[in-house]
Amino acid sequence: LKAITVTIDDREVSGRPGTTILELAQEMGIKIPTLCHHPQLTPFGACRICLVEEENRGALLASCVTVIAPGMVINTYSPKVLEARRVIIKLMLASHPESCLVCEKGNRCQLRQIAADLGIGVLDYYKIPHYWDIEEVNPFIVRDLSKCILCGRCIRADHELVVQGAIDYQGRGFNSLPATLFDGPLESSTECTFCGTCVTVCPTGALQEKGRRTLTTPKRRVATVCPYCPDGCALWLEVSDGEVVRVNPRVEGSASGVTICVRGHYGLDFIQGRGRLTHPLIRDGEELREVSWEEALGYVAQSLLKIKGDQGGEAIGVLASGGLTNEEYYTIQRWARTVLKTNNIDTSTRLSTAPSQMALRDALGYGAMTSPIRDLEESGVMMVIGADPTISHPLIGYAIKRGVTHKGGKLIMIDSLDSDLKRFSHLLLSPRKGTELILLYGMIHQLIEQGRWDQRFVKKIEDFEGLCTYVQELSPDKVEELTGISPDLLMDVISLFDPGKRVGIIFGKGVTQAKNPYYLVAALVNLALVTGSIGREGGGIYPILGEANFQGAWDMGFVPELLPGHLDIDDAPVREEFERNWGEAIPIERGHTALEMIEAAKEKRIRGMVIFEEDPLTAFPAQEMVEKALRTLDFLVVSDLWPSPTTKLAHVVFPAASFAEKEGSFTSVERRVQRIQRGINPPGKALPAGAICSRLSEAMGFPLSLATPEEIAQSVPLYRGVVEGGGFWGGRNLYASGFPKKKARFIIPDMPLIREGREDEYPFYLNVGALLVHQGCGRDSIHSPRLAQMGGEGYVEMNLHDAETMDLCNGDEVFIRSSHGELRREVRIRADLPAGELFLPWALNERGWGRLFPLAIDPITKASPSKGCWVKLEEVKDVAG
Amino acid sequence: MSPADQDRLERIIDQHRGQRWGLIPLLQQVQEELGYIPEEGIRPIANALYLFPSQVQGVITFYAQFSLVPKGKYVIRVCRGTACHVKGGRSILQTLKRQLGIEEGETTPDYKFTLETVACLGACFLAPTMMINRVYYGRLSPPKINTILREYE
């Protein structure tokens, strides 16, 4: 390509063909005012404020949409240009209300800034403002469209970036507005998710955040990462006078850009929500009494040492949530292994993440997402199975929708039928419950039969023959007989897998919390390997699970079976090196995983537990058994942000600091290691989990300081050079330069592919899942004043047809009975649920879902199915009526 | 929407299914056959063309030729251009309002007439003018209005 030379403001400059005048000028450091232009959106040319003069022709050109042509002589600030810009701004101001003094946008208003730059003070034009109703019923966004300048940024962000389609222009001329369908408020739109991207890009005060605690312009901002899901959205915490007054997306160098979600944008007000724990508490009969840190730590140290002395370290268990920092995970596991002398270390995210971590590690080498989220957009085929990324991992949802809408990707959805994504899907598959494995191997069989597999790539994989043998019986007719998926539909699916097209496979808890989760994940990996989609751009395995830093927990060895860096603890040389570095022996007994700890506690093999920021009573299945187990403990210490059902059982409660009150790093689901920074002070005497562990260790006589990023990089080679840089460990694409064990392998299940029967007594399949406004079980989100307004009370959703058959209507109460337990819930009818299926949110109404599930520990992964079960319903008869 | 309209709408949508570029011809056909574009039709149209419902609404509300409310059998468009104004266009409009008992933009309860105004019909030499559906009427006067309306009774 030949460079094009132009003159801008008397300086000769050359640029690549296709560069706009604006881009070139910005590279030269020339400032041209813009309003409708936004670097993340396609150029639009609506506002004309970026006009420049082409001196050869005397023409005024909108620089944001005009590409450079040879010989152009551009003047960006000629009198003609400045006059035109002034007129444009004056016309905008003439139809704008004079409310700058009370406008929340204040000095951040770009219209006002440009007016000031152009020297426009009192307006000499006759003002005709258009007043529209201010919409502010929803808890997140205020819309005052009288301040709208029709730049279309909100509409383009909605269509191009988050691809929701909630708003578009409506009407014409003076009456045009960005409007929802039927011009209702945002909360009436079925598309709007309140991600707030429109608010972020709005240049004026037309779209504003609602319910801010203070209206000042924040004095400083702190770069951090969202603590809800593990997408790792980069945030600015905007802080004033020791309070977080606003949270905004941090665009530069982040995975998220301007697109975060309602939780990250408006749900972090939980930090300053009511009821935080502020003082250490010690049990005194039925009551918990406020004590000093010294007293609490001394008591805990003494109690743990006593259990260690009497029963040994293996009688102590350490459990944490998926939301601690890498430094904290590293320090706490080191403390548990070297001071407590136990390998009973685990996070609650094991329930969903272990199958994925273990199968990916066994097949490919590392338990981690193979490719960056952004690459997903480039996949020719995207297959979503047992997941709803639009709710659990919004960033991945946006990427899938962009891939389908803008890049021509094909979307196949399996078992994810109630997702908003189905609007974008090409094929929806709903195999009989429990037959997903058969469907996947049926697909693999057909891909091989039809030659739609990557022969050169598969040469690098072990045991292809084993795979062929395993699937050879699975003819399309057999698949139909077992799964209910017709041969025609199966062929439609296969026809999307053109050779050479990369496949992005996205799976969630519907896979990892089902039966045989290890083999389900392995089957997905096999599918990706057969199509040659691993280690190449635009393909990969995308497990979407867990909490903010679950990946960090696995990386830091916060699991019984691994030492930091995904190293096997049974590997003696590895263990010995850690022992040398830590100067202490590491116990060799295999530790208990999260659910095994609960079982061991019930059987009195574990006598003391230390729990960091987790509430097993609401996060684990078999609620009543968990409660019994925790009550059986001799000693329970819980460190948390809020009182919870678990802290009620604790002997000692420590007040913990939130993500905004500590320093450290999180590793996102795409392996991006990013810093979180302290923006405000913890309330009262609360301390970060890492500091609590460090002080507790000291009180036990083993001084242990919080690990630094350097120390982690030292003992975890994967983290070298990425901790500070915010990069991906293992590189952007994990297997771009081959597999760590030289060859990957196909994992073949050691079980026959048969359909399991179900008991006819339970006619409904109950799906338990997250809500957009409540991450997982809602541990943090239920404490957000704004998110709490959207959740409602506990309910169970059912299909209209099922409701009519059972003579139920909205608001009727039912007993939900599984083979294990029962629950009482209000019925809510939802049109788009498939018949015979129910949906129960994890988060709401005391989160009693755990009563419906038994503890059925999977032999390989030690997880327990807890995403869905067969139930029956019975209407609650009003006794009085 | 009546069941008959529903059927007609579905048939028109089917003709354009999957054709993203076919939105305007589709809307024109619906407007022509049903006399308006029913609100309930927006989502099905959007789904069939892989568009967002809000986008479809945007196009409908942008063009004057599309209407989201049912219009009368005869749409009267009175010219409010300069030439017609000078020649007494206002009294033409007032006569129509009085005769039909409706205001600008409204439709008679029997869905016979809809009264609209336009900026110019491009027939200034015939001022004052109006159109009823596709027929022009020029050199109007209030008595002439009564005669014309009687033709459509």
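Just so we're on the same page: letters track the sequence lines, and every chain starts at 1.
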Among all residues two or more places apart in sequence or in another chain, which pass the ring-ring contact (aromatic ring centres under 6.0 Å, His included) test with B:Tyr152?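 So B:Tyr152 forms a ring-ring contact (aromatic ring centres under 6.0 Å, His included) with B:Tyr74.
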
Taking only residues two or more places apart in sequence or in another chain, which ones pass ring-ring contact (aromatic ring centres under 6.0 Å, His included) with A:Tyr398?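 Result, ring-ring contact (aromatic ring centres under 6.0 Å, His included) vs A:Tyr398: none returned.
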
Over 60° means perpendicular and under 30° means parallel, so tell me whether B:Phe66 and B:Tyr63 are parallel, tilted or perpendicular.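 Aromatic pair B:Phe66/B:Tyr63 classed perpendicular.
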
A:Phe44/A:His37 aromatic ring centres below 6.0 Å: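 No, the ring centres sit 6.0 Å or more apart.
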
Residue part contacting chain A, namely of B:Ala64, when any heavy atom lies under 4.5 Å: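 Both backbone and side chain.
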
Step by step, would you call A:Gln208 with A:Asp144 a side chain to side chain donor-acceptor pair (under 3.5 Å)? CA-CA 8 Å; A:Gln208 296 170 20; A:Asp144 179 1; 5.9 Å; no

Under 4.5 Å from any heavy atom of chain B, what part of [X] do you find: side chain, backbone, both or neither?
| X | result |
| --- | --- |
| A:Phe424 | side chain |
| A:Ala166 | backbone |
| A:Asp183 | backbone |
| A:Glu191 | side chain |

Among the options B:Gln57, B:Arg43, B:Glu39, pick out the one with the most heavy-atom pairs lying under 4.5 Å from chain A.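 Greatest number of close heavy-atom pairs with chain A: B:Gln57.
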
